[in-house]
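Here the structure comes first, spelled out in structure tokens, and everything after it is commentary.
If you're wondering where the values come from, they're calculated on a predicted model, not measured in any experiment. Below, each value reflects all heavy atoms present in this structure, side chains not excepted, and no hydrogens, waters or symmetry copies. Note that ligands are numbered from 1 as they come in the structure, with each ligand's atoms numbered from 1 the same way.
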Amino acid sequence: MQILDGKKAAQAIQSELKIEVAELNVDGKKIPHLAAILVGNNGASETYVAAKVKACAEVGFKSTLIRLDADISEMKLLDAVENLNNDPDVDGILVQLPLPKHISDENVINAIDPDKDVDGFHPVNVGKMLQGMPTFVPATPHGIMLLLEHYKIETKGKHAVVVGRSNIVGRPMSVLLSSNTNPGNCTVTICHSQTKNIKEFCLQADIIVAALGKPEFVTADMVKEGAVVIDVGITRLEDSTRKSGYKLKGDVAFETVAPKCSWITPVPGGVGPMTIAALMKNTYRSCMMKN
Ligand code: GUN
């Protein structure tokens, strides 16, 4: 069993970006600028947004964090998005999800200028991705593809089982893995909450992507010997012995599954850092396209 070390792979990607940004500086060109909107103070969202802002500083991007109260109206949030759309210095806009219940994710995502939608959630960009056109690919599945590429994992002709059908991970992941690219060219099965016998599907998988948000859902009896296992789950479970008060658990029972795998991602240190590296790549791309 070998570890797909997302921390290392993300560092390699971000080091390359840092060099590119240094060259932009030398040439007096525009530096990529990411603007993030965080509504309310959900603990996990706070952590994710802080990590994104930190990564910007590390690679030399500009970043702006806009914090809005949890009870802000949808109209006010849409105004904030519009201001960023109209700001020529801003290359990438992300609104951290989930949003409070009184705000429609769909309305907010649709309001982002597709040319600044570095999360790749706008329907225009989802459509382009579906058709294999160059576009912003959602950061988590994009990061997973970069991780497979970094470790030169053979995917052509393999059977990939994606567990979870979210717009953020499962669905785009299934599109990317089945596309005529390298990595890609997989035969893909999507499993979800209404799938009967998920275990039977998983047992046939050469590659499993677990993205359903249920701690330790994938157990050793569901995994074929030699499979590649990608764990997208990152649930916070209470743990009073830790300073933070919680520990992170993936969707895969790592201890028992790992010995059966050829490759596996750890949690933390697997998919999480790759998501951020992919977001940095999308922001760089946006800046290059405009300038
Ligand atoms: N919430 C969970 N994942 C993501 C993501 O990739 N982008 C945004 N904006 N919110 C998220």
Side-chain angles (χ1 to χ4, degrees), residues 6 10 13 34-56 61 63-68 70 72 74 77-78 80-81 84-85 90-101 103-114 116-126 129 135-147 162 164-173 175-176 209-214 230-236 248-251 265 267-268 270-283 285-286:
I13 290 165
L34 175 70
I37 299 181
L38 176 60
V39 182
N41 42 20
N42 173 291
S45 291
E46 294 258 4
T47 307
Y48 300 148
V49 171
K52 291 169 185 181
V53 168
K54 183 164 166 250
C56 283
F61 291 1
S63 68
T64 300
L65 172 57
I66 298 173
R67 303 189 64 120
L68 300 171
I72 191 167
E74 183 175 304
L77 175 54
L78 293 174
V81 170
L84 296 174
N85 284 343
V90 170
D91 302 296
I93 302 170
L94 78 82
V95 180
Q96 188 65 29
L97 303 177
L99 289 168
K101 283 201 172 61
I103 298 176
S104 148
D105 290 6
E106 196 181 316
N107 289 349
V108 174
I109 288 166
N110 289 358
I112 297 172
D113 177 349
K116 295 188 179 189
D117 168 39
V118 287
D119 260 329
F121 295 163
H122 191 285
V124 165
N125 290 322
V126 176
M129 179 196 60
T135 189
F136 299 115
V137 172
T140 300
H142 186 191
I144 292 170
M145 296 301 274
L146 292 170
L147 187 61
V162 177
R165 57 178 161 183
S166 70
N167 288 339
I168 295 182
V169 188
R171 279 168 195 260
M173 189 77 253
V175 172
L176 297 175
V209 180
L212 70 162
K214 283 196 181 158
I230 311 286
D231 189 350
V232 183
I234 182 162
T235 304
R236 290 180 170 200
L248 296 175
K249 270 274 176 241
D251 287 352
T265 61
V267 175
V271 173
M274 293 308 294
T275 296
I276 290 178
L279 176 68
M280 296 299 113
K281 271 181 95 83
N282 283 353
T283 305
R285 179 175 184 276
S286 179

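Closest protein heavy atom to atom 3 (N) of ligand 1: Ile168 CG2, 4.0 Å. Shortest contact from atom 4 (C) of ligand 1 to any protein heavy atom: Gln96 NE2, 4.1 Å.
For Leu97, a nitrogen or oxygen atom sits less than 3.5 Å from a nitrogen or oxygen atom of ligand 1, counting backbone and side chain alike. Distances between N or O atoms of Val95 and those of ligand 1 include at least one value under 3.5 Å.
Residues Tyr48 and Gln96 approach most closely at CD1-NE2, 3.7 Å, considering heavy atoms.
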Please test Ile103 against Ile72 for side chain to side chain contact (heavy atoms under 4.5 Å, CB included), starting from the C-alpha separation and ending with a verdict.
-> CA-CA 9 Å; Ile103 298 176; Ile72 191 167; 4.2 Å; yes

Go through Leu78 and Val108 one step at a time and tell me if the side chain to side chain contact (heavy atoms under 4.5 Å, CB included) criterion holds.
-> CA-CA 6 Å; Leu78 293 174; Val108 174; 4.2 Å; yes

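The backbone N or O of Arg165 lies less than 3.5 Å from a partner atom in the side chain of Arg171, making a donor-acceptor pair. With hydrogens and angles ignored, the 3.5 Å screen pairs no side-chain donor or acceptor of Thr265 with any backbone N or O of Val271. Listed for the Asp231 side chain is a donor-acceptor partner under 3.5 Å among the backbone atoms of Asp251.
Contact annotation: for Asp119 versus ligand 1, heavy atoms closer than 4.0 Å belong to the side chain alone. Neither the backbone nor the side chain of Leu279 has a heavy atom within less than 4.0 Å of ligand 1.
For the ligand labelled ligand 1, residue Tyr48 lies outside the 4.0 Å heavy-atom shell.
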